[in-house]
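Here's the structure, in structure tokens; my notes come after.
Naming: A, B, ... by sequence-line order, numbering from 1 per chain.
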Protein chains: 2
Amino acid sequence: MAQDEGATRQQILDVAARLFREKGYAATTQREIAKRCGIQAPSLYYHFASKDELLLEVLDFGIERIFSAVRDAVERLPEAAPIERKVRAAAHAHLESFFVYGDYTATNIRVFGQAPKAVQKKNLALRDAYERYWAELFEQGRKRGEIRRGAHLGLVRLFLLGALNRTVDWWDEEGALGLEAIADRFTEILFHGIAPAERAPARERAQPAIRRES
Amino acid sequence: MAQDEGATRQQILDVAARLFREKGYAATTQREIAKRCGIQAPSLYYHFASKDELLLEVLDFGIERIFSAVRDAVERLPEAAPIERKVRAAAHAHLESFFVYGDYTATNIRVFGQAPKAVQKKNLALRDAYERYWAELFEQGRKRGEIRRGAHLGLVRLFLLGALNRTVDWWDEEGALGLEAIADRFTEILFHGIAPAERAPARERAQPAIRRES
DNA sequence: GTCTATATTCAGATAGAC
DNA sequence: GTCTATCTGAATATAGAC
């Protein structure tokens, strides 16, 4: 952890995340990681005790980044903000992390399932904490009466996060759809559905001031 | 394709699908596939020209099963059935395929991204056809006025399929949630959202007879 | 249709010099 | 902190017998 190894260590993590994301865990060799860092494979062992440990750090770092991005985005809103607004901000931050820390977060989504059991287990504490944060967000919404009583909050969370996480497989930076637009649309579908609006201006009365501030 | 090799061939595919799903492509060895089939590794080459070809067959088979299950489920409904009903049936069939052909479909979801480029490319035609089927379903819904005009149909599809596909990572056969319940809930969220019901009985008028027949 | 034997390549990891 | 040299095991794939 000395200062002069910081740069290299971070570089190794970056390169490893990139390769894990692209090729999976087993297919990524330490030789290739080292080569892209301009060093020899055995030199990696000065920084990491094993390939497994390297993967674990990539996974943990990814969750930490995404978690703190989401928490910051929500906390930037007033505590009393409508839950739909909070969810939209959280979804946007979650997607934004895919872009900023793309290789780390994508490794979490794609590679976690193939990681050695021991690595999965160590990474799980962080993942659970993040899931719990979302769960609490939705619980808050229901307590306030902003989510209908019949909704299965666990499935609601899995629905949204599942859809968000899948975006790493199709989203294209150059494409027409920005991450904010995706977060907006997904949140709107989640809260209001795609069925045609009911006759009246009923929704606007029932859900005042929730939409489109940003 | 002689009859007496049929059993073994299928057995190899089954075992391979299982291992690909669990460990990923690169981490799955032909030695282990062969071992679980009770034969030696080189014997696999009588049935498949390479490991890549084996993977391709697993991927293709998975999409074929899921596609035909979904199409059958939709076609079992009257052509004029509400689109929500069709989507619910399709979602249910999609999830059901995870159970019946779980290793094949899970391999598609988890391993496709790490497959060699050549394999991905060959598998892509089938995948595209399946996506198109869903796209047409939603387009039909919009033409009929059963989906609101402002909805971005591409995102609607990605939203639902993304969430459905992610279930392979958390669904537990012994758990409390049945696949049909998940399909029902997801479809209901997709069409009606989780915001509290609007005052009036407006929805029941606007969307007659769509809910809960099964 | 499956076998044994083997060629070839390459993986993760260690030892020890600098 | 990085190197060279190397150990050890294991991977895909081929050759050719049965």
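- Considering only side-chain N and O atoms, A/Gln30 lies under 4.0 angstrom from the phosphate OP1 or OP2 of C/dA13.
- Comparing C/dA15, D/dA15, D/dT2 by their nearest atom to the side chain of A/Pro42 picks out C/dA15.
- Side-chain N or O atoms of A/Arg9 include one that pairs as donor or acceptor with a backbone N or O of A/His47 at under 3.5 Å.
- As a whole-Å value, the separation of A/Lys51 NZ from C/dT14 P is 15 Å.
- Residue A/Thr28 has no polar side-chain atom (N or O) positioned under 4.0 Å from OP1 or OP2 of C/dA11.
- Between A/Arg31 and C/dC10 there is no side-chain N or O to OP1 or OP2 distance below 4.0 Å.
- At the phosphate of C/dA13, OP1 or OP2 sits under 4.0 Å from a side-chain N or O atom of A/Tyr45.
- Atom CD of B/Gln40 is separated from atom P of D/dC18 by 17 Å (rounded to the nearest Å).
- Relative orientation of the B/Trp134 and B/His94 rings is perpendicular, given thresholds of 30° and 60° on the angle between their planes.
- Minimum atom distance to the side chain of B/Ser50 is reached by D/dA13, of the listed C/dG12, D/dC3, D/dA13.
- Atom pair A/Tyr46:OH and C/dA15:C1' shows a separation of 17 Å (rounding to whole Å applied).
- Atom pair B/Glu53:CD and D/dA13:C1' shows a separation of 14 Å (rounding to whole Å applied).
- In this structure, NE2 of A/His47 is placed 16 Å from C1' of C/dA13, rounded to the nearest angstrom.
- You'll find the side chain of A/Tyr104 stays beyond 4.5 Å of the side chain of A/Arg65, heavy atoms only.
- For A/Ser43, no side-chain nitrogen or oxygen approaches OP1 or OP2 of D/dT4 to under 4.0 Å.
- Across the protein-nucleic acid pair, B/Leu54 atom CG and D/dA13 atom C1' stand 14 Å apart, rounded to whole Å.
- As rounded to whole Å, 16 Å separates atom C1' of C/dA11 from atom NZ of A/Lys35.
- If you take CZ of B/Phe48 and C1' of D/dT14, they are 19 Å apart, rounded to a whole angstrom.
- By the neighbour-count criterion of 12 heavy atoms within 6.0 Å, atom CZ of B/Arg166 is densely surrounded, having more than that number from other residues, nucleotides or ligands.
- Two residues are said to be in side-chain contact when any heavy atoms from C-beta on lie closer than 4.5 Å; B/Leu59 and B/Lys122 fail this criterion.
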